[in-house]
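Following: one structure in structure tokens, then a few remarks.
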Amino acid sequence: MDAKDILGLHKTSFPSSIEKKSRPPKESQRKPDGISREVYALTGGMPPLMPSIDASQLKKKHNEKVTWQWLPFTNSARKDDLHLYHWVRIVNGVLPTGDYSFAKYNKSVDIIKYTDEEYEKYLTDPMWTKEETNELFDLCERFDLRFVVIADRFSSSRTVEELKDRYYSVLRAIVLARAASSGDVATHPVIKEPYNVSQEIERKRALSMVLSQTRQHEKRDEEVLIEAKRIAELRMASKVAEQSQLVVATNADAEVTERAVPGESLSPSNVQHPPMAVPSPITDNASTLASLRMLRVYLRTYALEQMVQVSNSTAGVRTIKRVEQTLQDLGVNLKPRVPTKAVCAEHLELRREILTWLNLQKQVQYKEAEGSSYRDGTYGETPDTPKDRTFIPDSLNFGGERVGKKDQKRKGHGAQPTAAHKRPRKQKASDL
Amino acid sequence: MPNTSSSKKHCQDQPQLSGPIPKSHMAKSEENKKNSGKKLKDVEISVPIVYGNIAFWLGKKASEYQSHKWTIYVRGASNEDLGVIIKRVVFQLHSSFNNPMRVVDAPPFELSEAGWGEFEIAITLYFHSDVCDKPLNLYHHLKLYPEDENSSMSTKKPVVVELYDEIVFPDPSEAFLARVLNHPAVHLPRLPAGLTLPPPIPVEDASKRRKGDTKDNPLSQWFLNFSEADELLQLAAARQQVQAHISKLKRQISLIEGQHKQLKSSSDQ
């Protein structure tokens, strides 16, 4: 059974049976009730989401006598006295009442009408003649403030923004002039938020720019923004570091800097449980110390964690693992059991020294590789700098990392090493 | 700028340099508060604590839902009274407990319960107003069963898990410092010379309080010892080793570099 499964034989026998099973139910689904199959297929072959006719209505009893008559009607929305005819539904001999049912949709904007007097008093403008203004208002009335149409129909060429500006300024002036007191109209939209021509022009320009941007532009902009954000965060971190130094240096100026420091929005939440989301990337000790001070209270273990993170930030994951392995080999707890201030400081220093040691190891290996290239006479060729391949020369490798992947898993050391090994994963502290 | 809440104390400047509000407008108590708002630089107050749990198996008396009796606590590392710094501690238990949020208003800050399960307990420390207005969170995984699965459980020997940590106040207020100046629960560095502190203002009614230290606590026989000496020795030894390796490698590098120079000059000829 399992073999067939593994080989996939079982599966091949299934699909055909599944197909057969799936086909009959589909066929039965397709059989529609009440309409022929072809007609049903016209609707897309699927039942509609909503019934087009309320089925219950069809079953209701019809008590009323309904007849239809061809009658004349008028439309109150029309200014002329046009009489047209249409079919009217008569129920039990009673005509329907009321205006033409579509008359209520004849909405229009109330455009103010200013008098000549008002024009002379409030509305004169060096850029606009009275004729133009009159024409503008006439068009506004005709086209219900659809400025794009108005601009198109305007006799002299004016931009939409200019027309809008003129219209709204006139409206504003009139409203203010006609108001009994300024308080009455303070809530009028034109008074509360006056039309700002330059802003509008700018806004439309920006919109069109955004719209016409190519995808390439978009991508580039995004990259720049990300870069800017990163730089801003770095700057914040260094600014905070500066602040902390200021604070330490100037005791007399304590109050002044105290006032400045809280201004920084760098106050991470005081949740000490790891992991903690720090707003800016921890780049160095000074900024970490500064952010710790911001907390007002913290646990020693938390502070140690943060400092360890800082020292680890320059190293890769593999190096960090090697540091931890080294600590274990030296018989040191990865997290101190008694984390006093002194112990934490020593622990941190030890970690840093181990990092230095590991870096020096890498340096030595590199130098050795260079040296072999001199000896081989291949000096001048760039030596192969593999990421993780470590050439361990005989002089250093006492314990013996072996060739071949199998042996690396073995923890113990072996007999004589050979030159140029590839990829030993764990280099023990006791090797050197 | 008048300080009306303690939270502002830590962030605002001193009465002498404050804004246009004349001193006569401030109430006397406000003035006192402002003085105590003064912060000291480079004086770090640390409070060594130990927190954890002790769990006793109930043996014959154990029922399905109550197999262990356990106590979770926060104590001073040297069993001193933490009430001088901590106002109250809130232990947040598993939701299956009645009233899972247990508040302990006075030291010793401990809580005893009976149960069968291990879970994470959130411990929130609330400090006195002149110490810090922000609470601090600790997390402890309650341990009832011994590490070694094979070892038999005894009603006499409890399972004990304790963790050492230190609460650090990097910028303590003068009032806080004045109050805890000579208290054994608190570690202070050497204070700057010529430092004058205001007279200490007590934050609690001393007569009402019961004994807050844990020196004679019934559970104190199970408390673990935490001495930094061992760890320091260990670290010092490790550092020595590493430093020795570093010097060796540095010598090696300079040796190799010397060899390279020779090789280079010989090949160039």
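Note on naming: letters A, B, ... go to the chains in the order of the sequence lines (proteins, then strands), and numbering restarts at 1 for each one. We use all heavy atoms of the structure for the numbers below, so side chains are in, but hydrogens, waters and symmetry mates are not.
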If you count heavy-atom pairs under 4.5 Å between each of [options] and chain A, which one has the most?
options	answer
B:Ser227, B:Ala122, B:Ala77	B:Ser227
B:Lys250, B:Gln259, B:Gln243	B:Gln243
B:Leu125, B:Val242, B:Leu232, B:Val168	B:Val168

**A:Lys341/B:Glu166 under salt bridge (Lys or Arg N to Asp or Glu O under 4.0 Å): CA gap, chis, key distance, verdict** = CA-CA 8 Å; A:Lys341 191 167 177 163; B:Glu166 297 188 342; over 6 Å; no

**Asked** Relative to chain B, which segment of A:Asn333 carries a heavy atom at a distance below 4.5 Å: side chain, backbone, both, or neither?
**Response** both

**Message:** For A:Leu292, which atoms come within 4.5 Å of any heavy atom of chain B: side chain, backbone, both, or neither?
**Reply:** backbone

**Message:** The criterion is salt bridge (Lys or Arg N to Asp or Glu O under 4.0 Å); which residues satisfy it with B:Glu110, sequence neighbours excluded?
**Reply:** none

**Prompt:** With a 4.5 angstrom heavy-atom cut-off, which part of B:Ile256 approaches chain A: side chain, backbone, both or neither?
**Reply:** side chain

**Asked** Hey, does the Lys NZ or Arg CZ of A:Arg296 hover above the aromatic six-ring of B:Phe169, less than 6.0 Å from the centre and inside 45° of the axis?
**Response** no

**Non-hydrogen atoms of A:Leu295 and B:Lys134 that approach each other most closely** = O-CE, 3.3 Å

**Prompt:** According to the salt bridge (Lys or Arg N to Asp or Glu O under 4.0 Å) rule, which pairs have a member within residues 227-241 of chain B, sequence neighbours left out?
**Reply:** A:Glu346-B:Arg239, A:Glu353-B:Arg239

